[in-house]
Amino acid sequence: MSAQLEAMELRSSPHLPEKAGVETIMFNVVLALIPIVCFGIFLFGVSVIALVATTTICCVLAEYLVCRCANRASTIPDFSVVITGILLALTLPPGFPLWMAAVGSLVAVFVGKAMFGGLGYNVFNPALVGRAFLQAAFPSAITTWTPAMSADRFTAFIPSTLTLPFTRVQPMDEWLRTASIDGFSGATALALQKFDGISTNAGQLAMGFTAGSSGETSAVLILICGGYLAFRRMMDWRVPASMLLAAFLTSAVFYMIDSTQYPTPVFTLLAGGLMLGAVFMASDMVASPVTPLGVWIYGGLMGFLTVIIRLKGGLPEGVMYAILLGNAVSPIIDNLTQPRIYGAKSRRDTP
Amino acid sequence: MKSDSLAYIFLNACLINNFVLSSFLGICPFLGVSGKLETASRMGLAVTFVMLITSGCASAINAALAYLGMEYLRLICYIVVIACAVQLVEMIIKKFSPALFRAMGIYLPLITTNCAILGLALFQTAKQYDFIQGIAYALGAGAGFSLALVIMAGLREQLNLADVPDVAKGTALSLIIAGILSLAFMGFAGLGG
Amino acid sequence: MNTASPSNQSPTVADTFLKGIWKENPVFVMVLGMCPTLAVTNSATNAFTMGIATTFVLVGSSTLISLLRKFIPKQVRIATYIVIIATFVTMVDYAIQAVSLQLYLALGAFIQLIVVNCIILGRAEAFASKNSVFQSILDALGMGIGFTVALLCLGTVRELLGTGSLMGMRVFGDAFEPWGLMVLPPGGFFVLAGWLLLFSWWKRRSTTEAATAGVAMQRTGSHEI
Amino acid sequence: MSETNNNALQPKSASTWQMLVALGGISLISGVLIVLAYETTLPRILMNRQRAIEEAVFRVLPGSTSRATYAIEGNAVRLLQDATHTGPKIYAGYDDTGALMGIAIEAAGQGYQDVIRVLYGYAPATECSTGFTVIESKETPGLGDKIGLDPRFLANFQGLELRLDESQRSLKNAIVAVKQNSKSNPWEIDGISGATVSSKAVARIVNDSAQEILPIIRQHLRQIETQQ
């Protein structure tokens, strides 16, 4: 408290309600992510600890290097790069080889962030740039899922985790067979639904005891953590709200067309990375539009694209691509929804 | 969806195998004319327009050359027809719609050496599309080109204010954005399959 | 683009030849001919073939245009250049089909797309139409080799990382996990961006070094492009 | 371009006659060069194409040493003399004694990224497939492209059942792709884990083509056996 008082300064009007500084917001985001990380560790064991540690450390190191080379003051204390690291880990499969995760972290920070001029200018969500890179580079490793709650998860790594750099991941069929317990198969709920027509019940999905990325499985926990941020006004609640709403409605339309082939709207909301993406990644302030109408269009578009890619595309999951595409068109949305300045002619008339 | 249905041909050229981001056609204007939204959208319009004409002409030329058994003249015919078409379009627009000419006039001559146009004609021949399919393909390619160009322009306008590192300024940054867009467009793979 | 050297000497033979490889490299410095640069560099073999094909078209069309430069009226020169270029491209197209069908299928329509490669029309307009046959051939050869080298730079990196082999031969052994991304379209964009970054960083470093050494260095003009 | 306009304004502009001569001359030179190149390379190009087709056909029809090409026209087959025909084709493979070893069938269909074109062999004697090769595909490197590279996947097509039902109009059992390591029937294709879409696409392509072409082939088997 005293630190805050010391930092107080006198300003001339207008006196707007004070907005929290970047560091405070980012620190709270990290706080909100901690329960999700802990749940991931509880589900998948020590491999997730190693994964989160690897991505976070690599991201911080990369940021340090960038600041060194550019002769800038260190931007590590603003926590944004830590968030990038944690988010990247949460979107990766639990047994993802650590060296690949390290490559993804470097890409996220160098390509996704530093090239655009660092925090405040990253037009794409850096963690998702890293993940999209990994998805294209190592398509097989990033779609190898491991069952949750395996018996020896706290005593042994998932075998693929410790793969040596630049070498192929050894087949894990044997390990998978011994590790899976009744009801916990290695495939994600989305893949089961899409390729085998097996539905997972909503309660299980909401709680998150399913296979999937390290931190995407528990919809309820993510909602609670996101709710905390929204409540403290550290996140624009309209982005996740519009994205989830659009996903729900699009999915409902498909479900009404053919209820045997397409999943229920509730399944769409709870399964896969939609919740994590909507709450923690789509809401990235830099990459979102600024106008209120724009924010709704932006969220709606991402929700719609997610469902379209999931149901009509080749991949079972489309949240990552939907958010990147949303990021890409957000300047255009901004441009189209810009309110007319009072007294000015419409933009088209001005040469 | 069947792979030769019109809707699929359109989707394929526009999103799944986007002309710019996945077939690398029309990279030069994509990097060069994508600084501003206004110019980018006009360029997109002009290219789509010329693509439609080229596609129709290419179908006709191909049929004629196949009839005469002179396929070896195909490339020369295509390029000459494209050059003429561009010139013709320019003149027609100038005559009948000065407003439209002002909007896209200066971009028209540039289109002759835009490889997306010749690429469209060649790809359409290789895929053995008929006239109607060719038109759908041209519309898709034009829409895909415009989409990529407009997205790029939007991002670059926003980045004008950004504190981009000196080494990355210019083409390198544009290429990186293109790479990320290309990654994002990979999400459309398998769409409608 | 100012091609004249700062001192008022006429460019030497070596200058004409070498400028395309380094100082005015069509890909890394002038950023021309991006379509083939990105599209066919998913393997070193493809990149090399494309480079050679382009060099042939460059040399052929430059020679012919330079020979005929006195007879071609200004008004129709672009049209004649395009026809000449298209002729040589058609020839190359058939030559590659005759040499290896596999190679031809791998390069696809991009061989025919050499027609609209701005490097070729650019050299015809900027150099061959104004200089002697010998000079034009030298210039075209230099540019062609510069283009080939640039394509090889990209192709090597993409093939090495993307498949773990070089020119079809395995380099990294069987346990290597290939980075599929590198042979996909995004890989092309990223690797080219990487090379451009490297070039601009190197150029910057040498400029600052020269500046600190007190030597007035002429800026090469690449920053404006 | 602007230079052209400037020059046009100058008094010393070329006459129409001069321009026509220049354009005509260039066209003449071009024509000669192109025809020259075309004529010299044509034999080799045809030979290369021939060899590529033969290689693929012999790969999917082991044991065959010569081939004949047939066009499928409606419900009939016609022996082709040259390879320039563009419609649907099948290739019959024969061994040294001239006995029919099998028929290679070209098929195409939508894959994950773009159209996949394949060639598969069909042995009429055993009503099984004898081999499979991918002619053209843009599937994901390292994942979907395994349909043409993975020996375990290719082994599926050694003895894949392509039996027609009693009516001789469609397959008795449709070809389907199943999960990796869960093949239990001779008409199932053991898929590639992680590349579900590509595996299923191959199964669909082969199935669609077999349903359509095999009844026609069975009808004209005598004709193909005797190379007519």
Side-chain angles (χ1 to χ4, degrees), chain A residues 66 69-70 72 107 110-112 114-126 128-137 139 286-287 289 305-306 308-336 347-348 350-351, chain B residues 1 7-8 11 15-16 18 20-22 34-38 40-42 44 99 102-103 146-193:
Chain A
V66 169
C69 290
R72 285 178 196 174
V107 170
F110 287 136
V111 178
M115 281 303 148
F116 296 103
L119 182 68
Y121 304 117
N122 51 302
V123 288
F124 295 98
N125 183 307
L128 286 182
V129 171
R131 194 193 192 276
F133 184 93
L134 291 176
Q135 171 101 47
V286 189
L305 281 177
T306 304
I308 291 292
I309 294 175
R310 274 189 190 177
L311 300 183
K312 304 303 288 180
L315 294 162
E317 177 62 300
V319 175
M320 171 181 79
Y321 295 114
I323 297 177
L324 283 176
L325 291 166
N327 290 166
V329 296
S330 101
I332 301 170
I333 296 178
D334 247 347
N335 197 291
L336 294 178
R347 281 164 30 81
R348 283 184 194 291
T350 49
Chain B
M1 225 184 286
Y8 182 77
L11 265 185
L15 298 178
I16 305 170
N18 183 285
V20 180
L21 297 173
S22 122
S34 62
K36 279 184 155 174
L37 259 178
E38 196 86 29
S41 49
R42 283 177 187 175
R102 270 201 303 281
S146 312
L147 185 68
L149 205 64
V150 166
I151 289 180
M152 188 69 173
L155 291 171
R156 280 180 65 179
E157 268 190 4
Q158 189 178 342
L159 283 170
N160 278 340
L161 306 169
D163 182 16
V164 176
D166 287 339
V167 279
K169 271 183 187 140
T171 317
L173 183 68
S174 301
L175 284 169
I176 284 175
I177 300 176
I180 297 175
L181 285 180
S182 173
L183 277 176
F185 268 66
M186 283 173 72
F188 291 121
L191 208 64

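Scope of the values below: all heavy atoms of this structure, side chains included, with no hydrogens, waters or symmetry mates. Naming convention: chains lettered A, B, ... in sequence-line order (proteins, then strands); numbering from 1 in each chain.
Looking at B:V150, both its backbone and its side chain come within 4.5 Å of chain A, counting heavy atoms on both sides. If you measure heavy-atom distances from A:V111 to chain B, the contacts under 4.5 Å come from both the backbone and the side chain. Heavy atoms closer than 4.5 Å to chain B are found nowhere in A:R131, neither backbone nor side chain. Contacts of A:V319 with chain B are absent, with no heavy-atom separation under 4.5 Å from either backbone or side chain. Contacts of A:D334 with chain B are absent, with no heavy-atom separation under 4.5 Å from either backbone or side chain. Heavy-atom distances place both the backbone and the side chain of B:I151 under 4.5 Å from chain A. For chain A, no part of B:L147 is nearby; none of its heavy atoms comes within less than 4.5 Å. Looking at A:A132, both its backbone and its side chain come within 4.5 Å of chain B, counting heavy atoms on both sides. Heavy-atom distances place the backbone of A:A114, and not its side chain, under 4.5 Å from chain B.
Residues A:L325 and B:A184 come closest through the heavy atom pair CD2-CB, 3.8 Å. Shortest non-hydrogen contact noted between A:M115 and B:L173 is O-CD1, 3.4 Å. Here the closest non-hydrogen pair linking A:G117 and B:P165 is N-CD, 3.9 Å.
Among the candidates A:I333, A:V123, A:L324, the residue making the largest number of heavy-atom pairs closer than 4.5 Å to chain B is A:V123.
In this structure, A:L119 CG and B:D163 CG are separated by 11.5 Å, a value rounded to the nearest 0.5 Å. With rounding to the nearest 0.5 Å, the separation of CG in A:N327 from CG in B:L181 is 10.5 Å. Of the inter-residue distances, the one linking A:N335 atom CG with B:Q158 atom CD reads 10.5 Å to the nearest 0.5 angstrom. A:F110 contributes atom CZ, which lies 11.5 Å from atom CD1 of B:I176 (distance to the nearest 0.5 angstrom).
Counting heavy atoms from C-beta outward, A:I308 and B:F188 have side chains that stay 4.5 Å or more apart. No side-chain heavy atom of A:F124 sits less than 4.5 Å from a side-chain heavy atom of B:L183.
Within a 6.0 Å sphere centred on NZ of B:K36, heavy atoms belonging to other residues, nucleotides or ligands number 12 at most.
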Worked check of side-chain contact (heavy atoms from CB on, under 4.5 Å) between B:V164 and A:Y121: CA-CA 8 Å; B:V164 176; A:Y121 304 117; over 6 Å; no

